[in-house]
Asks: 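Below is one structure. I have some questions about it.
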There are 2 protein chains.
Amino acid sequence: MVTDCKNCWLRKQPVFLSMSEDELVFMHEFKTGELEVDAGATLMLEGSNSPQLFTVLEGMGLRYKTLEDGERQVISFVMPGDFIGLQAGVMQEMQHSVESTTPMKLCVFDRRSLWRLFKDHPERAYDLTWLAALEEHFLGEHLAVVGRMPAEQRLATGILRLYDRAVSLGLTEGPWMKLPYTQKDLADALGLSVVHTNKTLKRLRDRRIVNWKNGDMEILDYDRLSEMAHVDPAEGMRQRPLI
Amino acid sequence: MVTDCKNCWLRKQPVFLSMSEDELVFMHEFKTGELEVDAGATLMLEGSNSPQLFTVLEGMGLRYKTLEDGERQVISFVMPGDFIGLQAGVMQEMQHSVESTTPMKLCVFDRRSLWRLFKDHPERAYDLTWLAALEEHFLGEHLAVVGRMPAEQRLATGILRLYDRAVSLGLTEGPWMKLPYTQKDLADALGLSVVHTNKTLKRLRDRRIVNWKNGDMEILDYDRLSEMAHVDPAEGMRQRPLI
DNA sequence: CGTTCCGTTGATCTTAGTCAAAGGGGGTGG
DNA sequence: CCACCCCCTTTGACTAAGATCAACGGAACG
């Protein structure tokens with residue numbers, strides 16, 4: 001069964017459209033299976049050479065790099081629709097690790113079929129490259145956040161991006177979204193210490209802008225949050241076009 | 001004439017091999033011309049939708065983003081062999097700006113021919129995606145540097161990467177390389193202030209590790225530099241495989 | 001119940017940012 | 001040819017943002 005692949009990048013249609021017959025056939029050609037993992041599983045290990053590539057169907061995770069001194073830099077938050085393992089597919093080995101934060105359901109591809117994809121399905125190959133360019137864009141944004149913003153703005157920007165992305169994936173309920181990460185995860189993404197992250201979050205809470213508790217993020221004042229992030233409120237929505 | 005395209009990614013061979021006859025024919029099919037620009041030219045503007053894509057043949061430049069408050073984050077240093085404009089080619093518009101720091105010579109492609117490339121030349125499309133994955137890798141590295149390293153280590157790592165890359169492109173003469181950027185450029189890349197960058201550079205100079213003067217970078221003690229960057233000296237070379 | 005992991009808070013310290021001023025070319029126009 | 005200016009570098013003095021250290025509370029779990 002492949003009907004669960006609602007969010008897979010191999011589909012050209014947005015998430016909310018139904019899947020056509022030849023899309024189903026197409027998916028069967030590449031998909032080698034589905035994988036379900038528990039929270040805390042390592043999907044890709046830095047330096048390894050995974051034979052499998054994944055598309056996230058459900059659940060959330062983290063991409064990160066570990067430095068020599070044990071410090072960790074979170075590269076990005078993994079959400080449904082994300083492709084995992086392009087580097088392993090196209091270069092020799094992964095340059096970062098990926099791990100699940102919640103239980104996840106993944107669509108599995110064989111790495112060797114990637115070349116067949118380029119050969120026989122140029123539009124899908126194009127989509128894949130588009131996805132890589134998109135990822136590159138988000139990394140660039142992230143770099144600017146970490147490199148040039150003060151703590152409060154980093155938090156605001158980070159939370160805003162997570163929320164906007166969840167909105168575009170239909171993962172929100174009004175002002176609520178599931179945010180299963182720890183404050184350490186967020187701190188490691190934003191280049192801050194946990195303590196300072198905690199104190200800055202408290203300020204946002206006291207000012208009734210966001211409320212993050214027990215894995216649930218509530219956006220109390222979207223406009224003020226956008227303002228703090230110095231981002232046009234409407235712009236966020238435009239940034240991650242539907243896949 | 002296309003024989004100048006020594007460093008173009010459309011070639012599958014490493015730089016130092018000569019170009020075969022059908023590679024020449026192939027390049028003619030896609031190349032629309034060559035562009036020479038002065039130092040300080042803006043090749044791509046954030047938010048714009050350039051109809052042209054480039055491969056760098058000669059010269060060096062900068063990719064950067066400008067924040068609302070005027071701060072600038074340098075995303076990466078542009079060197080020969082780099083592809084410019086994938087985002088414009090594949091997404092709606094560029095998400096960062098690119099400008100020349102020295103005079104540059106560029107190989108120009110038409111954006112619309114990108115699709116034709118995917119359709120008719122899957123190996124080249126694959127190469128392009130490989131290049132995108134490589135770029136993503138370097139961005140991830142860069143993020144970890146900016147997010148998690150103290151100033152001295154950032155400098156060491158940054159300089160080391162620049163030098164290693166120059167080595168793999170054959171742009172060094174022994175311990176020397178041309179590094180035409182300002183200290184502000186480097187500071188904006190590493191997420192530091194100019195003043196602090198300057199003082200940290202002074203320390204490296206005093207300790208006879210590097211000597212950067214008038215656009216010429218001299219690596220006096222490669223081993224100590226690697227040590228400061230907490231990187232295995234040999235590893236740097238492996239990181240950017242020949243294109 | 002103890003242990004562990006995570007969040008919270010206060011006190012203290014350090015790194016890096018800001019401000020300010022001076023020096024050094026290189027280019028341009030008088 | 002000189003003077004002025006602009007841009008970049010260098011250096012010192014001061015400030016502030018954020019890191020580190022330490023301790024405690026609470027929830028989950030064996």
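This one's a predicted model, so the numbers in the text were calculated from it and none came from an experiment. Here is how names work: the chains are called A, B, and so on, in the same order as the sequence lines, proteins then strands, and each is numbered from 1.
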Asks: Tell me the interatomic distance from A:Leu192, atom CG, to C:dT15, atom P, rounded to whole angstroms.
Replies: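 To the nearest whole Å, that distance equals 18 Å.
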Asks: Applying a 4.0 Å non-hydrogen cut-off, can you work out what B:Ser193 is touching in the nucleic acid: base, sugar-phosphate, or nothing?
Replies: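 The residue B:Ser193 makes base contact.
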Asks: Please state how far atom CD in B:Gln153 lies from atom P in C:dT15, giving the value in whole angstrom units.
Replies: 14 Å
Asks: Can you measure B:Leu155 atom CG to C:dT15 atom P for me and round it to whole angstrom units?
Replies: 15 Å
Asks: Donor-acceptor pair, distance only, cut-off 3.5 Å: does the side chain of B:Glu34 make one with the backbone of B:Val108?
Replies: no
Asks: Between A:Arg148 and A:Val195, which residue's closest nucleotide on DNA chain C lies nearer the 5′ terminus?
Replies: A:Val195
Asks: Nearest whole Å is fine: how far is C:dC13 P from A:His196 NE2?
Replies: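 It works out to 19 Å between those atoms.
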Asks: Counting only N and O atoms by type, is there a donor-acceptor contact under 3.5 Å from the side chain of A:Ser100 to the main-chain atoms of A:Ala41?
Replies: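 Such a contact is found between A:Ser100 side chain and A:Ala41 backbone.
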Asks: Need one value for B:Gly191: base, sugar-phosphate or nothing, where a base atom within 4.0 Å counts as base even if backbone is also close, heavy atoms only.
Replies: sugar-phosphate
Asks: Among side-chain atoms of B:Tyr64 and B:Glu99, is any donor-acceptor pair under 3.5 angstrom?
Replies: yes
Asks: Report the distance from atom CG of A:Asp188 to atom P of C:dC6, rounded to the nearest whole Å.
Replies: 12 Å
Asks: Phosphate oxygens OP1/OP2 of D:dT10: is one of them under 4.0 Å from a side-chain N or O of B:Asn198?
Replies: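 Checking D:dT10 against B:Asn198, a side-chain N or O does come within under 4.0 Å of OP1 or OP2.
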Asks: How would you label the contact of A:Leu201 with the nucleic acid (heavy atoms, under 4.0 Å): base, sugar-phosphate, or nothing?
Replies: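 Answer is nothing: A:Leu201 stays at 4.0 Å or more from every strand.
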Asks: For the pair made of NZ in B:Lys202 and C1' in D:dT9, what is the distance, rounded to whole Å?
Replies: 12 Å
Asks: Do the side-chain N or O atoms of B:Gln183 get closer than 4.0 angstrom to the phosphate oxygens (OP1, OP2) of D:dC7?
Replies: no
Asks: Side chains of B:Asp164 and B:Tyr222 only: does a donor on one sit below 3.5 Å from an acceptor on the other?
Replies: yes
Asks: So, taking the atom named CG in B:Leu43 and the one named CG in B:Leu62, what distance separates them when rounded to the nearest 0.5 Å?
Replies: 10.5 Å
Asks: Calculate the interatomic distance between B:Asn214 atom CG and D:dT9 atom P; express it in whole Å.
Replies: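 Atom-to-atom, B:Asn214 to D:dT9, this comes out as 10 Å.
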Asks: Respond yes when some side-chain nitrogen or oxygen of B:Lys184 is under 4.0 Å from OP1 or OP2 of D:dC8, and no when none is.
Replies: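 The answer is no; no side-chain N or O of B:Lys184 sits under 4.0 Å from OP1 or OP2.
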Asks: D:dT10, OP1 or OP2 - any side-chain N/O from B:Lys199 closer than 4.0 Å?
Replies: no
Asks: Report yes if a side-chain nitrogen or oxygen of B:Arg205 is closer than 4.0 Å to either non-bridging phosphate oxygen (OP1 or OP2) of D:dT10; otherwise report no.
Replies: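 True: B:Arg205 side-chain N/O within range (under 4.0 Å) of D:dT10 OP1/OP2.
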Asks: Take the protein atom CG of A:Leu190 and the nucleotide atom P of D:dA17, then report the distance between them rounded to whole Å.
Replies: 18 Å
